[in-house]
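Okay, structure first, notes after.
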Amino acid sequence: MAKMKTNEERKAELEALTEQMGKQIDSYFESPEKIREHLQFLGKFHQYSMRNAVLIESQFPGAVAVGSYPFWEKQGAQVQKGERGIKVFVPNPVTYALHEDEWVSLSKAPKPIKEGVKQGRIPSRKMMYFKIGHVFEYTQTDAREKGIEVSDIFKRYHRDGGLENEQDIRDALTTLADARNVTLLEDPLDEIGTAKGCYYPELHAIALNPRNTSIEDVSVLIHELAHAELHNQERNFERDQPLTAPEKEFQAEMVAYVVSHQLGFPTDDFSPSYLAGWTKDKELLDKEKLLQEVHQTSATFLEHIETHLEKVNTLEQEKEQTPLEYLEKLNRGMGTGWEKANLNLYERVHSIQSVFPEEIENYLNAKATLETNLKVDRIDEPLMYIHDKGFGFQSFGVANNHDFSEDTIVAYTVALPGKSLISGHFDPERTVHPLHDFEKNKRLEKPILKSLEDRWHDILLEKEKKSLSRTAMFNIERLI
């Protein structure tokens, strides 16, 4: 059994690791080539803190993907015998409780103190400490021999290459700007010459040079978004010391390089020309803070883009699935026994909503298609299917005119000419009919909504005319 380390030994090990990290950071600023190599590495490890990314790089140059021992076991891979772990900092929060005017570790406190903290009667506070943990690189495991790819484990869809999914990445950057309330202007406010783009802090707006190529637009937009993230007016106000123009440009250029390289876009024009000037006579803390902000911003951007690409990838896969394949996949995801359980519509919808809320519409679309044998390409008027009513698809006005007051839940699927199926569900106590649901949730464009309203009103008028006709006939019969 391994001998337990003393507190002094642990402290010395942490200090040595911190010193190693400091030397590694200093080495990056020796040449443009070294900073370039580090930025490439940062892109691959944006899920880790900047400090841990630095430590991984210093101990295992060229690492592609890392995980803890239990992580690799969970993926079905084993760490090879004799492999040494890569040391990283692991957060170790410790809770303290106030006991007899002293802060004591909650784990060692008497039971009454623990109960008092739990009930909120005794003050407590958390302190963050770090301990040393170990991770292992992909090549230190038998994952390759078992045919487990890095992209399968980490879902790096963008690794297929940026040039092929350029439009998807542009869309992701647009949503990134929207999420940060950054306005993307159609044109610069004035002539910007050979500059590829610009950020207007007062307007929190970005403009790209209309002379750019589409590929240039991607890396330039990332650069300008980095300015918007790191150098907006609020962020500038929070800084103890303002950044110089070269420092701002260097940060934005580094973020653009990390993200562009990781997405597979050309990075030949990357220029760390500001490196020598502003790093001269700078303390290590200045350099670490610089890299920290670059790392955090790059990580945020990449996570947003990857999430967007994953959604696009999922949608593309679903388009290729038949409704039956989709339902079989959903049934597997819901667990054994779910499909065989004799659930009513209300129970089925709410079961799916509790596990896969984003799959409700896909489920209803697939269910409607299978149950009615709908041929989407043959639709020439708006149709609607009310689930579990036994009517099949009907003209929208007729289906919308059913009495739903006695139903526990109403689920519907609408088929419009030249459009994808639209499904939804509602509680009849709060919503009168499907058209009302569309109006409340603003799910349709106004012209389409107006067209559906007209079709329903036609049915109401027709029903009213028949009612008046029958009344007149009864009156005639009474006269006879």
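Listed by chain and number, the residues in a salt bridge (charged side-chain N to carboxylate O under 4.0 Å, His left out) with E115 amount to none (sequence neighbours excluded). The ring pair (Phe, Tyr, Trp, His ring centres under 6.0 Å) test applied to H308 returns no partner, not counting sequence neighbours. Under the rule for a side-chain contact (heavy atoms from CB on, under 4.5 Å), the partners of R430 that lie at least two apart in sequence or sit in another chain are D427, K440.
Judged by distance alone, the side chain of T175 and the main-chain N or O of A172 form a donor-acceptor pair under 3.5 Å. T141 places a side-chain N or O within donor-acceptor distance of the main-chain N or O of Y138, the cut-off being under 3.5 Å. With hydrogens and angles disregarded, no donor-acceptor distance shorter than 3.5 Å links the side chain of R180 to the backbone of E229. Between the D407 side chain and the I409 main chain, no donor and acceptor come within less than 3.5 Å of each other. Remark: the backbone N or O of T139 is paired with a side-chain donor or acceptor of E137 at under 3.5 angstrom. Of the possible polar contacts, none joining the Q251 side chain to the K248 backbone as a donor-acceptor pair under 3.5 Å is found.
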Test L173 against I305 for side-chain contact (heavy atoms from CB on, under 4.5 Å), laying out the working first.
CA-CA 7 Å; L173 292 173; I305 293 166; 3.8 Å; yes
Kindly indicate, with the supporting measurements, whether the criterion salt bridge (charged side-chain N to carboxylate O under 4.0 Å, His left out) is fulfilled by R239 and E293.
CA-CA 12 Å; R239 293 183 186 277; E293 290 186 352; 3.0 Å; yes
Does the side-chain contact (heavy atoms from CB on, under 4.5 Å) test come out yes or no for R84 and Q59, once each step is laid out?
CA-CA 10 Å; R84 294 172 64 87; Q59 296 168 76; over 6 Å; no
I would like to know whether V79 and E73 meet side-chain contact (heavy atoms from CB on, under 4.5 Å); could you show each step before the answer?
CA-CA 8 Å; V79 174; E73 281 190 326; over 6 Å; no
Decide ring-ring contact (aromatic ring centres under 6.0 Å, His included) for Y412 and F438; before the verdict, give the C-alpha distance in whole Å, the side-chain angles of both, and the deciding distance to 0.1 Å.
CA-CA 11 Å; Y412 60 87; F438 279 133; 5.4 Å; yes
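Residues H304 and L176 come closest through the heavy atom pair NE2-N, 3.3 Å. The two residues D403 and S405 come nearest to each other via the heavy atoms OD1-OG, 2.8 Å. D437 and T431 make their closest contact through N-CG2, 3.6 Å (heavy atoms, listed as atom of the first residue, atom of the second, distance). Across all their heavy atoms, A226 and A252 have their closest contact at CB-CA, 3.8 Å. Shortest non-hydrogen contact noted between A205 and V182 is CA-CG1, 4.4 Å. The heavy-atom pair separating I222 from A256 by the smallest distance is CG2-CA, 3.7 Å.
Considering only heavy atoms from C-beta on, L106 stays 4.5 Å or farther from Y96 through its side chain. Within the 4.5 Å cutoff, the side chain of L221 has heavy atoms near those of the I206 side chain. Put simply, the side chain of R348 does not reach to within 4.5 Å of the side chain of N344, judged on heavy atoms.
Atom CD of E145 has more than 12 neighbouring heavy atoms from other residues, nucleotides or ligands inside a 6.0 Å radius. Within a 6.0 Å sphere centred on NZ of K146, heavy atoms belonging to other residues, nucleotides or ligands number more than 12. For CD of Q119, the number of neighbouring non-hydrogen atoms (other residues, nucleotides, ligands) closer than 6.0 Å is greater than 12. Surrounding CD of E358 are more than 12 heavy atoms belonging to other residues, nucleotides or ligands, all under 6.0 Å away. Atom CD of E238 sits in a crowded spot, with more than 12 heavy atoms from other residues, nucleotides or ligands closer than 6.0 Å.
Here K446 does not pair with E439 in a salt bridge; the nearest charged N to carboxylate O distance is not below 4.0 Å. A salt bridge is defined here as a Lys NZ or Arg NE, NH1 or NH2 lying under 4.0 Å from an Asp or Glu carboxylate O, and K81 with D142 fails to meet this definition.
Checked options L364, N362, I360; the residue passing with S423 is L364 (criterion: side-chain contact (heavy atoms from CB on, under 4.5 Å)). Considering E371, H387, E361 as possible partners of T413, the one that fulfils the side chain to side chain donor-acceptor pair (under 3.5 Å) test is H387.
Between H433 and H436, the two ring planes are perpendicular [angle over 60°; tilted spans 30° to 60°]. In this structure, F404 and H402 have perpendicular ring planes: the angle between them is above 60°, well past the 30° mark.
To the nearest 0.5 Å, atoms CD1 (I56) and NZ (K87) are separated by 14.5 Å. With rounding to the nearest 0.5 Å, the separation of OH in Y199 from CG in L185 is 11.5 Å.
Between H134 and F136, the gap from one ring centroid to the other reaches at least 6.0 Å. In this structure, Y200 has its ring center at least 6.0 angstrom away from the ring center of H204.
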